[in-house]
Chemist: 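Dumping the structure here so I can ask a few things about it.
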Amino acid sequence: MEIRPVRYDHPDAVTLDALVQQEYVRRYGDGDMTPLDPEMFTPPHGTYLIAYEDARPLATGGWRRQEDTAEGYAVGDAEIKRMFVVPEARGRGLARQILAALEADARAAGRSRMVLETGTEQPEALELYASSGYALVEKAEKFGLYRTYDESRCMAKSLVADA
């Protein structure tokens with residue numbers, strides 16, 4: 001398996017994004033309405049990764065710089081977007097590998113905190129993030145487009161070592 005950076009508008013990224021949107025519709029009744037642009041995932045503002053096996057794209061995820069305090073973000077935040085593993089490749093640790101690579105990249109780019117928003121209908125995502133050191137944020141500290149939704153769960157993890 002090989003993890004490599006691609007543009008968010010790369011054909012494989014577009015294909016995987018369509019699959020994750022179908023997953024959101026199945027679980028929530030609608031796709032993710034968060035506006036995303038390929039430039040958001042272009043270094044040093046972020047990165048977008050795909051895990052390949054035998055040239056087949058199996059998993060994806062990206063991070064983008066987020067500092068919009070009006071939406072609850074903090075200066076130094078890196079937001080995880082579009083974490084997804086195709087169903088037939090689940091349970092192999094690919095999401096954990098993508099997550100570790102995203103964290104390392106965001107840390108190298110000078111980001112101080114990794115944040116994400118997921119939902120109650122994605123228990124495997126909540127489990128992955130909790131087991132990777134992410135903590136739920138208090139309701140008053142939630143961020144992002146879905147911060148006011150009851151199903152929304154916002155999580156964060158520091159990327160800086162304790163002094």
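Numbers here simply count residues along the sequence, with the first being 1.
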Chemist: Quick one: do Leu136 and Phe143 end up in the same hydrophobic cluster if we chain Ile, Leu, Val, Met, Phe, Trp and Tyr together by side-chain heavy atoms under 4.5 Å apart?
Modeler: no

Chemist: For the pair Tyr52 and Val6, evaluate side-chain contact (heavy atoms from CB on, under 4.5 Å) and give the outcome as yes or no after the intermediate values.
Modeler: CA-CA 11 Å; Tyr52 288 92; Val6 300; 4.2 Å; yes

Chemist: Quick one: do Asp17 and Tyr8 satisfy side-chain hydrogen bond (donor to acceptor under 3.5 Å, both in side chains)? Show the steps, please.
Modeler: CA-CA 9 Å; Asp17 189 62; Tyr8 182 63; 3.3 Å; yes

Chemist: How close do Arg65 and Arg111 get, heavy atom to heavy atom, and via which atoms?
Modeler: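 For Arg65 and Arg111, the tightest heavy-atom pair comes out as CG-NH1, 3.3 Å.
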
Chemist: Does any donor atom in the side chain of Glu151 or Thr120 lie under 3.5 Å from an acceptor atom in the other side chain?
Modeler: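 Judged by distance alone, the side chains do not pair up.
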
Chemist: Is it true that Arg96 and Glu124 make a salt bridge, defined as a side-chain N closer than 4.0 Å to a carboxylate O?
Modeler: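 Between Glu124 and Arg96 there is no salt bridge, as every charged N stays at least 4.0 Å from the carboxylate O atoms.
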
Chemist: Answer yes if the side chains of Glu79 and Tyr73 hold a donor-acceptor pair under 3.5 Å, and no otherwise.
Modeler: yes

Chemist: Taking atom NE2 of His10 and atom OG1 of Thr60, what is their separation to the nearest 0.5 Å?
Modeler: 11.0 Å

Chemist: Heavy atoms only: give me the nearest Arg113-Val115 pair and the separation to one decimal.
Modeler: NE-CG1, 3.3 Å

Chemist: Identify every side-chain donor-acceptor pair in residues 39-47 under 3.5 Å, counting partners at least two apart or on other chains, and give the distances.
Modeler:
from	atom 1	to	atom 2	distance (Å)
Glu39	OE2	Arg7	NH1	3.2
Glu39	OE2	Arg7	NH2	3.2
Thr42	OG1	Pro38	O	3.2

Chemist: Does Leu116 reach the side chain of Arg153, with side-chain heavy atoms less than 4.5 Å apart?
Modeler: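 Leu116 does not reach Arg153 side chain to side chain.
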
Chemist: Is there a donor-acceptor pair under 3.5 Å between the side chain of Asp105 and the backbone N or O of Leu102?
Modeler: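 Looks like no, no N/O pair under 3.5 Å.
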
Chemist: Can you tell if the side chain of Ile3 reaches within under 4.5 Å of the side chain of Met1, non-hydrogen atoms only?
Modeler: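 Yes, side chains in contact.
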
Chemist: State, without any angle test, whether Tyr129 and Thr118 hold a side-chain donor-acceptor pair at a distance under 3.5 Å.
Modeler: no

Chemist: How would you list, by chain and number, every residue that makes a side chain to side chain contact (heavy atoms under 4.5 Å, CB included) with Asp32, sequence neighbours excluded?
Modeler: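 Checked Asp32 against side chain to side chain contact (heavy atoms under 4.5 Å, CB included); matches are Gln21, Tyr24, Thr34, Lys81, Arg82, Tyr146.
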
Chemist: If you count the non-hydrogen atoms of other residues, nucleotides and ligands that lie under 6.0 Å from CD in Glu127, is the total more than 12?
Modeler: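 Not more than 12 within 6.0 Å, no.
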
Chemist: Please answer: with hydrophobic residues joined when any side-chain heavy atoms are less than 4.5 Å apart, are Val85 and Leu49 in the same cluster?
Modeler: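 Yes.
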
Chemist: What's the spacing between Ile50 CD1 and Leu94 CG if we round to 0.5 Å?
Modeler: 12.5 Å

Chemist: Provide the closest heavy-atom pair for Arg147 versus Ala70 in the form atom of the first, atom of the second, distance.
Modeler: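 The answer is NH2-O, 3.7 Å.
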
Chemist: Report yes if some heavy atom in the side chain of Phe84 is under 4.5 Å from a heavy atom in the side chain of Ile98; otherwise report no.
Modeler: no

Chemist: Measuring from Ser152:OG to Leu145:CG, what's the distance to the nearest 0.5 Å?
Modeler: 9.5 Å

Chemist: Can you list everything that forms a side chain to side chain contact (heavy atoms under 4.5 Å, CB included) with Glu88? Sequence neighbours excluded, please.
Modeler: Arg56, Val86

Chemist: Grab the two heavy atoms, one from Met155 and one from Leu126, that are nearest each other, plus how far apart they are.
Modeler: SD-CD2, 4.0 Å

Chemist: Between SG of Cys154 and CD of Glu138, what distance do you get to the nearest 0.5 Å?
Modeler: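 Between atom SG of Cys154 and atom CD of Glu138 there are 11.5 Å.
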
Chemist: Ala95 and Leu128: which non-hydrogen atoms are nearest, and at how many Å?
Modeler: CB-CD2, 3.8 Å

Chemist: Quick check: does any side chain N or O of Lys142 sit under 3.5 Å from a backbone N or O of Glu71, one acting as donor and the other as acceptor?
Modeler: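 Checked: no pair found.
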
Chemist: For the residue pair Ser112 and Val160, establish whether any side-chain heavy-atom pair is separated by less than 4.5 Å.
Modeler: yes

Chemist: Please check this pair: side chain of Lys157 against backbone of Ser132, looking for a donor-acceptor N/O pair closer than 3.5 Å.
Modeler: yes

Chemist: Nearest 0.5 Å, what's the CD-CD1 distance between Gln66 and Ile80?
Modeler: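 Here the interatomic distance stands at 12.5 Å.
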
Chemist: Decide yes or no for Arg92 and Glu53: does some side-chain heavy atom of the first lie under 4.5 Å from some side-chain heavy atom of the second?
Modeler: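 With C-beta onward as the side chain, the pair touches.
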
Chemist: Write down the atom of Arg27, the atom of Pro123, and the distance for their closest heavy-atom approach.
Modeler: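 Result for this residue pair: NH1-CD, 4.1 Å.
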
Chemist: Answer whether the closest heavy-atom distance between the side chains of Met114 and Tyr134 falls below 4.5 Å.
Modeler: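 In contact.
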
Chemist: If you count every heavy atom of other residues, nucleotides or ligands that lies below 6.0 Å from Asp37 atom CG, does the total exceed 12?
Modeler: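 Yes - once you tally the heavy atoms of other residues, nucleotides and ligands closer than 6.0 Å, there are more than 12.
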
